[in-house]
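Note sheet for the following structure.
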Amino acid sequence: MSAEAADREAATSSRPCTPPQTCWFEFLLEESLLEKHLRKPCPDPAPVQLIVQFLEQASKPSVNEQNQVQPPPDNKRNRILKLLALKVAAHLKWDLDILEKSLSVPVLNMLLNELLCISKVPPGTKHIDMDLATLPPTTAMAILLYNRWAVRTIVQSSFPVKQAKPGPPQLSVMNHMQQEKELTENILKVLKEQASDSILVLEAALKLNKDLYVHTMRTLDLLAMEPGMVNGETESFTAGLKIKTEEMQCQVCYDLGAAYFQQGSTSSAVYENAREKFFRTKELIAEIGSLSLHCTIDEKRLAGYCQACDVLVPSSDSTSQQLTPYSQVHICLRSGNYQEVIKIFIEDNLTFSLPVQFRQSVLRELFQKAQQGHEALDEICFKVCACNTVRDILEGRTISVQFNQLFLRPNKEKIDFLLEVCSRSITLEKPSESLKGNMAAFLKNVCLGLEDLQYVFMISSHELFITLLKDEERKLLVDQMRKRSPRVNLCIKPVTSFYDIPASASVNIGQLEHQLILSVDPWRIRQILIELHGMTSERQFWTVSNKWEVPSVYSGVILGIKDNLTRDLVYILMAKGLHCSIVKDFSHAKQLFAACLELVTEFSPKLRQVMLNEMLLLDIHTHEAGTGQSGERPPSDLISRVRGYLEMRLPDIPLRQVIAEECVAFMLNWRENEYLTLQVPAFLLQSNPYVKLGQLLAATIKELPGPKESRRTAKDLWEVVVQICSVSSQHKRGNDGRVSLIKQRESTLGIMYRSELLSFIKKLREPLVLTIILSLFVKLHNVREDIVNDITAEHISIWPSSIPNLQSVDFEAVAITVKELVRYALSINPNNYSWLIIQADIYFATNQYSAALHYYLQAGAVCSDFFNKAVPPDVYTDQVIKRMIKCCSLLNCHTQVAILCQFLREIDYKTAFKSLQEQNSHDAMDSYYDYIWDVTILEYLTYLHHKRGETDKRQIAVCYFMPFFSDVLNFPNSKSLLRFGPGKMISCA
């Protein structure tokens with residue numbers, strides 16, 4: 001061996017070796033290994049990791065000989081693994097704070113359910129039905145642990161959670177995360193349903209006056225022994241780790257208080273319960289002291305809860321306790337006593353009792369009120385901001401942007417108030433050196449930022465300034481101010497917007513990121529990114545907001561830009577532009593896209609074309625939402641650009657499907673049928689399914705006046721749509737040789753999927769195009785063999801009357817599509833009688849007779865000036881009238897049935913007479929007689945009421961009947977009519 005090799009071996013052998021991690025199965029092989037492992041100062045794996053590993057292995061499903069997944073078997077191995085998990089939790093003394101922090105909801109749910117099982121809680125038994133006082137202490141404690149965790153989990157789920165930034169996408173990891181998310185949601189749903197029971201269980205626990213015991217590793221070992229080996233220790237009422245009554249009540253009170261506080265948003269009275277529980281927790285903590293090992297309460301959070309309850313539910317006994325500054329501020333804000341708020345903030349600058357975040361939230365609330373028109377609050381905003389700034393300075397934080405903005409135009413009153421706040425915020429008798437240094441530096445910076453020497457001398461001559469700065473420092477500062485060159489006086493500079501303030505070194509990264517999220521000014525976005533990249537080069541600022549979304553076809557190109565600043569700027573400009581377009585803020589979207597186009601033109605022809613395409617889509621949306629609403633045609637250059645996009649053949653340009661959809665829909669909406677039928681390039685029909693669909697629609701519409709000529713193009717369109725609505729069946733041959741149908745899937749042979757077709761149709765607004773599409777789908781709906789009630793539509797005769805293979809069409813999907821299309825069409829034009837009749841027919845076919853009658857009447861109303869004119873006969877056909885009659889009959893409106901029978905070309909006396917015989921009618925009955933003009937029906941009514949002895953109703957019918965015969969029959973009075981039965985009046989006349 002050479003000397004060099006020997007040295008290398010010696011160096012390697014001298015390095016300390018990392019001991020190998022203990023595997024989970026080793027604990028199965030050696031019973032005492034777990035306790036040895038947990039006694040280590042830093043065990044690897046950690047206790048919580050062991051719990052996850054044990055339960056994961058115990059809950060793994062098995063696969064039988066037929067390759068079928070089976071639930072985890074209840075064998076000795078799995079029982080031992082669950083016991084090991086419980087023993088690790090016992091080692092952690094069942095501390096829910098530790099367990100919740102490290103274990104997911106599904107794992108902790110499984111662990112606590114195993115604890116209930118081993119504690120002999122009968123499965124399926126409601127905890128509310130069990131008397132805790134009569135249960136063994138360990139059983140009662142297991143129930144309490146589970147229900148405490150339940151309410152804590154519900155409360156925790158109501159808090160917003162910052163999502164972790166995703167790493168490189170891995171399919172297996174993403175699937176696992178999705179499964180865990182769904183499982184967590186299901187568990188939370190069950191816990192929320194049982195929340196009231198859990199609260200009642202915890203309330204009952206507060207009435208217990210005995211100590212409880214929780215399982216230890218020893219008691220769990222004893223429970224796991226064979227039945228004949230148990231010595232009775234686990235049945236003892238003192239087995240396990242003792243939990244004092246006060247400790248248990250303290251934890252339960254705190255958890256109940258948090259649960260009540262969370263429910264208070266729906267019922268303010270619940271805050272009373274929360275307040276009671278939190279203050280009881282404080283009392284119990286004082287009794288227990290800080291030596292308790294089993295009672296872990298976050299006292300800072302408890303203090304916050306108590307302060308919040310003081311504000312939401314002030315104590316009725318004002319002398320029982322003094323109001324906290326937190327409560328005083330809220331009371332002052334509600335009453336509008338803002339001067340008192342300022343006084344409290346100044347006093348708090350000495351005590352530091354109010355959280356900085358709370359003070360900032362008060363300032364934000366005042367800013368919002370000022371922006372809503374409360375001009376009197378402008379001065380209050382400055383004063384509160386000055387108080388907050390002095391507090392920040394004393395604690396060593398930077399000056400806020402708001403203060404720089406509000407102090408942009410200083411005056412004597414502002415400087416006087418600022419000096420007053422500074423003087424009252426520091427005790428000059430015994431100030432600490434850090435406070436003195438911070439305050440002195442602040443006053444010096446304020447002086448250096450002032451242009452008017454008069455204001456500088458106001459500060460430099462103040463007692464506080466003289467006390468904090470030495471004579472040499474003061475003289476040097478004043479000399480600097482006198483000697484510096486004159487500059488523009490800021491006092492005459494107009495107030496600028498928040499985003500015009502130059503970002504200084506005092507503005508931290510978080511504030512700049514906040515401005516970046518809010519800004520829609522391209523120039524300002526660029527400036528912020530330059531500053532951010534100057535502060536740090538490690539961050540990717542396009543990930544600052546998870547609301548910034550760029551289509552996946554673009555993101556690969558953008559994220560491939562090597563320069564970090566350019567990549568962030570292009571990504572953010574495009575994401576903000578797309579968002580503005582979605583929310584219809586088209587002016588800002590155009591500015592952002594234009595800036596992005598100018599930027600990418602310099603280095604990427606591919607991204608330049610992408611931005612041109614997006615700006616075309618934006619211009620289409622702008623026109624459709626603006627002048628297009630009133631029917632004004634788009635400018636010719638926009639139509640030319642749409643044609644140019646459809647004919648574009650640039651390779652390697654990422655294209656969004658939605659732009660092609662919008663372009664074809666745009667051409668159809670503005671009746672550019674000539675281009676779609678004759679001028680569109682042939683290659684487009686093969687490569688772009690939306691162009692193919694648009695060409696077929698345009699050709700069908702163009703040849704519509706001549707049915708025979710239009711049948712050729714209509715048949716082509718019919719075949720395309722039938723193929724889209726078809727399904728493909730998947731079969732499998734079983735072990736017995738039989739072929740069985742597994743599932744039906746949407747066919748991939750169509751030019752697009754049904755969902756894509758529906759999305760495209762919902763971009764159309766031209767009435768004739770929508771009518772043709774509706775007509776096609778209605779005809780397709782009607783060709784079913786099992787259909788009972790046909791739906792009517794215009795131009796339905798141009799489509800083929802049959803389909804060669806009915807089983808290949810997904811008629812259920814067709815029915816859903818028809819309903820969605822009618823709903824969409826009526827949202828475009830609710831006064832189109834043809835579409836209203838289709839909607840009515842759909843309701844009639846689905847036995848929704850009241851809704852069907854509503855739309856039949858609405859169709860008649862819109863085409864007859866609300867029945868001031870006759871309804872056209874092609875609207876109220878005999879079929880429509882008969883369906884209206886059936887609707888009225890099934891709704892028990894029998895008099896209306898008789899009236900409608902008169903509208904038929906041949907009056908249906910049989911149906912009319914039968915309906916009038918019905919005595920249980922849900923309409924106005926005789927009040928409708930004024931609308932019966934048929935003599936035979938009136939004659940029958942008169943006879944019918946006479947036969948029943950209904951004198952009043954008979955008289956009403958006679959009154960309507962008399963005008964028809966007053967000129968022919970000279971009866972002395974109407975009673976003479978009663979001598980005639982049905983039919984005799986006609987013959988007599």
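Any value given below was found using the heavy atoms of this structure, including those in side chains, with hydrogens, waters and symmetry copies removed.
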Checking T216 now: which residues fulfil side chain to side chain contact (heavy atoms under 4.5 Å, CB included) with it, not counting sequence neighbours? R218, T219, L241
Cation-aromatic face contact R275/F279, 6.0 Å, 45 degrees: yes
Any non-hydrogen side-chain atom of L112 less than 4.5 Å from a side-chain atom of L108? yes
Any side-chain heavy atom of I243 within less than 4.5 Å of one from Y213? no
Could you note down all residue pairs passing side-chain hydrogen bond (donor to acceptor under 3.5 Å, both in side chains) where residues 102-112 supplies at least one of them, sequence neighbours left out? N109-N113
Does the side chain of V544 come within less than 4.5 Å of I517's, by heavy atoms? yes
Taking it one step at a time, do L145 and R148 satisfy side chain to side chain contact (heavy atoms under 4.5 Å, CB included)? CA-CA 5 Å; L145 268 174; R148 277 187 56 216; 4.2 Å; yes
May I ask you to test the M141-H215 pair for a side-chain heavy-atom distance under 4.5 Å? no
Identify whether the distance between the nearest side-chain nitrogen and carboxylate oxygen of K277 and E203 falls below 4.0 Å. yes
Should I297 and C250 count as side-chain neighbours, where that means a heavy-atom distance under 4.5 Å? yes
Taking only residues two or more places apart in sequence, or in another chain, which ones meet E182 in a salt bridge (Lys or Arg N to Asp or Glu O under 4.0 Å)? none
Side-chain donor-acceptor pairs of residues 190-199 under 3.5 Å, sequence neighbours excluded:
residue	atom	partner	partner atom	Å
S198	OG	N147	OD1	3.0
S198	OG	Q194	O	3.4

Note, L135 side chain near L132 side chain (heavy atom, < 4.5 Å): yes
With distance as the sole test, does S545 use its side chain to make a donor-acceptor pair with the main-chain N or O of K547 at under 3.5 Å? yes
Going by the rule side chain to side chain contact (heavy atoms under 4.5 Å, CB included), which residues pair with D131 if we only count those two or more places apart in sequence or in a different chain? A133, T134
Test side chain to side chain contact (heavy atoms under 4.5 Å, CB included) applied to L183 and V105, step by step: CA-CA 9 Å; L183 192 55; V105 171; over 6 Å; no
What salt bridge (Lys or Arg N to Asp or Glu O under 4.0 Å) pairs are there with at least one residue in residues 104-116, not counting sequence neighbours? K82-E114
Ring pair (Phe, Tyr, Trp, His ring centres under 6.0 Å) against H330, all qualifying residues, sequence neighbours excluded: Y326, F358
Kindly write out the residues that satisfy salt bridge (Lys or Arg N to Asp or Glu O under 4.0 Å) with E395, not counting sequence neighbours, or none if the list is empty. R391, R397
Please lay out, stage by stage, how K244 and E247 fare under the test salt bridge (Lys or Arg N to Asp or Glu O under 4.0 Å). CA-CA 5 Å; K244 291 183 179 179; E247 293 176 328; 6.0 Å; no
What about Y271 and F261, are their ring centers closer than 6.0 Å? yes
Does the side chain of Q262 come within less than 4.5 Å of V270's, by heavy atoms? no
The test is side chain to side chain contact (heavy atoms under 4.5 Å, CB included); show your working for L188 and T153 and say whether it passes. CA-CA 8 Å; L188 278 173; T153 304; 3.6 Å; yes
Main-chain N/O of Y260 paired with Q263 side-chain donor or acceptor, under 3.5 Å: no
Any residue meeting ring pair (Phe, Tyr, Trp, His ring centres under 6.0 Å) with F345, in chain and number order, not counting sequence neighbours: none
Go through the steps to decide whether E513 and F541 satisfy the test side chain to side chain contact (heavy atoms under 4.5 Å, CB included), and finish with yes or no. CA-CA 8 Å; E513 288 180 346; F541 293 103; 3.7 Å; yes
According to ring-ring contact (aromatic ring centres under 6.0 Å, His included), does anything in residues 82-137 pair up with another residue at least two apart or in another chain? List the pairs. H127-Y146
Go through the structure and list residues passing ring pair (Phe, Tyr, Trp, His ring centres under 6.0 Å) with Y254, not counting sequence neighbours. none
Answer yes or no: are there more than 12 heavy-atom neighbours, outside K189 itself, under 6.0 Å from its atom NZ? no
Quick check against the 3.5 Å criterion: does D348 have a side-chain atom that pairs as donor or acceptor with the backbone of T351? no
Does any non-hydrogen side-chain atom of M535 lie less than 4.5 Å from one of L512? yes
Checking R152 now: which residues fulfil salt bridge (Lys or Arg N to Asp or Glu O under 4.0 Å) with it, not counting sequence neighbours? D97, E100, D255
